[in-house]
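Everything below concerns the one structure shown next.
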Amino acid sequence: MTAIELQQAASLPAPARDADRFYPLRRAAEAVVFPLAALVIALALFSVFLLALGKSPGTFFWLVWRGAFASAFSLQNTLQRAAPLLLTSLCVAIPAQLGLVIIGGEGAVLMGGLAAVVATYPLQTAPGWLLDGLMAIAGCAGGGAWIGLTGLLRTKRGINETIVSLVLYYIALAVFNHLVEGVLRDPASLNKPSTYAIPPQAHIPSLFGTELHPGLPVGILACIAAWVLITRTTTGFAARMTGGNMRAAQLQGLPVQRLMIGACVLGGACAGLAGMIEIAAVQDRANSSLAAGYGFTGILIAFLARHNSLAIMPMAVLLGGVGAAGGLLQRRLDLPDASVLVLQGLIFVCILASDTMYGRIGWFQPARGRA
Amino acid sequence: MTTDVTGAIEVEAVGIAKRFGAFTALDGVSARFRPARVHALLGENGAGKSTLVKCLLGYYRADEGSILVEGREASIERPADADALGLGMVYQHFTLVPSMTVAENLVMARADVPAVIDWSRERTALAAFMQTMPFQVPLDIPVGRLAAGERQKTEIVKQLYLRRRFLVLDEPTSVLTPAEAEQMLGLVRELTHSGAITTVIITHKLREVAMFVDDVTVLRRGRMAGSGEARSLSAAAMTAMMIGEPQVPANPERRGVPAQAPVLEITGLRTPGIGGRAGLGIDKLIVRGREIVGIAGVSGNGQAGLVEVLAGQRAATDGEMLVDGEPYDATRGAAQARHVRVLPEEPLRNGCVPRMTVTDNLNFRTFDDGGGRFWLDARAMGQRARRMIDMFGIRAPSPLAPIGVLSGGNVQRCVLARELDGEVRLLVVANPCFGLDVKAVADIRARIMAARNAGTAVLLISEDLDEILELADRILVMREGRIVHETPGAGADAQAIGAHMVGQH
């Protein structure tokens, strides 16, 4: 006997809809809501930290607002701090499109700055615009070569680019110090060993009677250009393919190695340009002030922006502002300088943790469960 | 608990429901697995087979329903609870440590590994244990050096060593030769009928069900679609339960005979061996127009290397590749000029960028018009993608959804749509239907056959011998990087091919 309980299920669910018109919108909302939520959580955690120290979180945030954004002076201070960060963030965000984690942008800042100073030496009497042009090229070349070397070691020898870029930063610092305290040292710089100054006509003046120097517009333009390159050009598309799945890129015959090295050179050039602008518009000479950690804060910003070049801009302003408010916080709240680092660290950890939430919340997903 | 029970145990799922967010994976499924019988769990991809066994084994907690073991309600909240009850699973993806020997893997898997292992005693115990097994596995060889079939046996031995009495095998024969598969399933059935274990086999292969299985349970879209004794169910009846449609899709029709002139001609191709595995050594390989050449072989015998060379993912050390008489170096330029397309295996891993959109993925081959464009043409890309989505019946929540959220069948359809678009002279396909459900398999095989009928030369590299027998005009067997056997596709003898695959002809 063919004993069978053939329970043909009476009614199966209706075929799922193939299209969800709001899906792109849902994804965009996801990309905004999660970082914001992470920021709020980080601020809440920091408030707990402040309460533990016996300080009022309300006063703290009010002071940050005052010190960073409330007055023309504080806003200028914030933007001035943000300017080099825009460029050093790109040194992380551009290679990140290809799946490379570069953390040695600080080395490219030093090499770019040093190269820019040296480029002026043979041409002391040349016109300022020419010198600035040469400095910019030298800065980009110095930084680009430094990170490009990282890309070269990664693609040709398979060495981890994160470690290489970090180690190259230490080498850059040593080379920088060796030259600044050695052959390039201006004997007149007694307390703080520095190179000879660049010719005075090469100094880039501030913009329209403000404290702001051209680093800000240059940084903004660079961020927009990077965004256009990555999202709107075939080269950027090929880079995103490579970063998303190298095997798929190889299958399509893309020049994977060239793309990787190119992205490293481009990122390094941005960081080198940041170094050049610091020299030409602020320091006039290369010394230890150049190693102010712009490259490292850039890592933080790029991750906060999830390597989106446009999102780098508000994030750089945010962290520039936190830095600008540091002095006021110290004076008024009697907080140690490092408490700002605690805040930065909390934001960083919360944003990284929020990465794991993508795709987990139903509302942001397509209207249909699964195909 | 019930650890003193010896021999096979009965496991019953009662009204199991499991939801992931808005998606209902299982909807009130009840199934009884009677002791000392071989059960098959059938269903398309996404039917809920894996979810059901994961609930039984404590990897998921069911939202509703209960699990009875030997008629008593069991609380299985963690994999450890399932272990204690004697419930175990052999995964499709192996869970052995490749660098450790079989003996080390077995001892390490135990729950009670002592801090210091007395190896001489363990080895004696293992040797004695192995004597009681229906099949033997070498104890002192690192698992990484074992063939796929041997590893599968080791996985089963491991489960028996851990005193499992209820064993789930997840697509156990997908990487085995027909002879290996028959031997392995025969042994499992023998073992089961001897009363040692109850076995549940998750499978797609109806032929194996007919030969080795006692009871069948079919799931469809998270619900019970039917069950019964295997010998009283025809293949057509089981397929109908699985896909909910009365008739099986017909085999694709073969039209026309192969052309005379070769499209692909490989001579003296060599690659270095990697990690103890032989490199490629192909003296001559020809594929003609309107011809499907199937390359059969046990996985890991150089097929992947051949695909990588043709895809430009690996460089050959020596040899010549001609396409339509012109040298071919697998670069983007050469592939576009010679109209060569490669469909890699595991398309999501090898041919797609999961986080980029369906539209982007459909345009990988054409986004730069062969290298001439600077700006992306978003409008043209969108139109091309929509055309492909319509033509190939791709089901996606939106053309702008990341391709990673699509089901395996739809990812494969995307890659197929992308690579079959335009003129195609040579199509290289690797395991195109691995892990897909019945309907998607039929669809994709029909597309490949249609490309052949249109005059394309097709090189089909597959570990599924049934697929090769169905599609190929000519069959080659690859072993240790070499082509060791050739036979026409029509009337080919599966057993003879299998013998050449393992080198025992």
Side-chain angles (χ1 to χ4, degrees), chain A residues 1-13 15-28 99 228-238 240-256 358-371, chain B residues 20-25 27 46 220-229 232-233 237 241 244 311-313 330-336 342 344 349-356 360-361 363-365 367-369 371 373-376 378 395-402 405-407 409-410:
Chain A
M1 171 62 193
T2 60
I4 305 214
E5 345 137 34
L6 199 121
Q7 328 157 325
Q8 283 283 356
S11 63
L12 287 164
R17 275 172 56 216
D18 269 359
D20 175 0
R21 276 191 303 135
F22 301 110
Y23 186 64
L25 213 63
R26 290 173 198 272
R27 283 192 77 201
V228 169
L229 176 73
I230 290 161
T231 60
R232 293 286 181 266
T233 70
T234 53
T235 311
F237 191 89
R240 284 185 283 140
M241 275 174 73
T242 308
N245 185 353
M246 202 199 294
R247 297 181 62 83
Q250 284 173 328
L251 184 75
Q252 296 298 336
L254 295 176
V256 168
Y358 287 85
R360 293 264 186 102
I361 295 190
W363 190 85
F364 295 116
Q365 303 316 311
R368 190 162 60 93
R370 224 178 269 178
Chain B
F20 300 99
F23 176 69
T24 303
D27 188 6
R220 171 153 43 100
R221 298 194 191 178
R223 295 185 183 194
M224 185 70 147
S227 64
E229 289 193 16
S232 62
L233 284 172
M241 282 192 243
Q313 291 168 326
T331 59
R332 188 172 177 81
Q336 301 209 337
V342 179
R349 199 171 75 82
N350 289 313
C352 295
V353 177
R355 66 164 180 245
M356 288 173 83
D360 285 348
N361 273 278
N363 280 285
F364 278 0
R365 218 171 40 72
F367 69 94
D368 59 354
D369 290 350
R373 285 192 73 84
F374 179 73
W375 297 105
L376 287 178
R395 285 175 33 142
S398 153
L400 298 180
V405 307
L406 268 55
S407 70
N410 280 307

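All chains are named by letter (A, B, ...) in the order of the sequence lines, taking the proteins before the strands, and each is independently numbered beginning at 1. Just so you know, these numbers use all the heavy atoms, side chains as well, and skip hydrogens, waters and symmetry mates.
- Across B/Q313 and A/Q250, no two heavy atoms sit closer than the pair CG-CB, 3.7 Å.
- A/T234 contributes a side-chain N or O that, together with a main-chain N or O of B/F374, makes up a donor-acceptor pair within less than 3.5 Å.
- Looking at A/A249, there are no atoms closer than 4.5 Å to chain B (heavy atoms on both sides), in backbone or side chain.
- Neither the backbone nor the side chain of A/T242 has a heavy atom closer than 4.5 Å to any heavy atom of chain B.
- Heavy atoms only, all atoms of each residue included: A/Q252 and B/R365 are closest at OE1-CG, 3.3 Å.
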Practice problem: Evaluate side-chain contact (heavy atoms from CB on, under 4.5 Å) for B/N350 paired with A/L251, printing each intermediate quantity in order. | Solution: CA-CA 8 Å; B/N350 289 313; A/L251 184 75; 5.9 Å; no
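- Neither the backbone nor the side chain of B/D27 comes within contact range of chain A, judged by heavy atoms closer than 4.5 Å.
- For the set A/R232, A/R240, A/M246, the entry with the most heavy-atom pairs within less than 4.5 Å of chain B is A/R232.
- Atoms OG1 and CG, from A/T235 and B/L376 in turn, are 8.5 Å apart once rounded to the nearest 0.5 Å.
- The CZ atom of A/R247 lies 13.0 Å from the SG atom of B/C352; values are rounded to the nearest 0.5 Å.
- Residues B/G351 and A/A248 come closest through the heavy atom pair C-CB, 3.6 Å.
- When all heavy atoms of A/G244 and B/P354 are compared, the pair lying nearest together is O-CD, 4.3 Å.
- For the set B/A335, B/A330, B/A311, the entry with the most heavy-atom pairs within less than 4.5 Å of chain A is B/A311.
- Note that the CG atom of A/N245 and the CZ atom of B/R349 stand 8.5 Å from one another [nearest 0.5 Å].
- Taking the six-membered ring where tryptophan is involved, the planes of B/F367 and A/F237 are tilted, since the angle between them lies from 30° to 60°.
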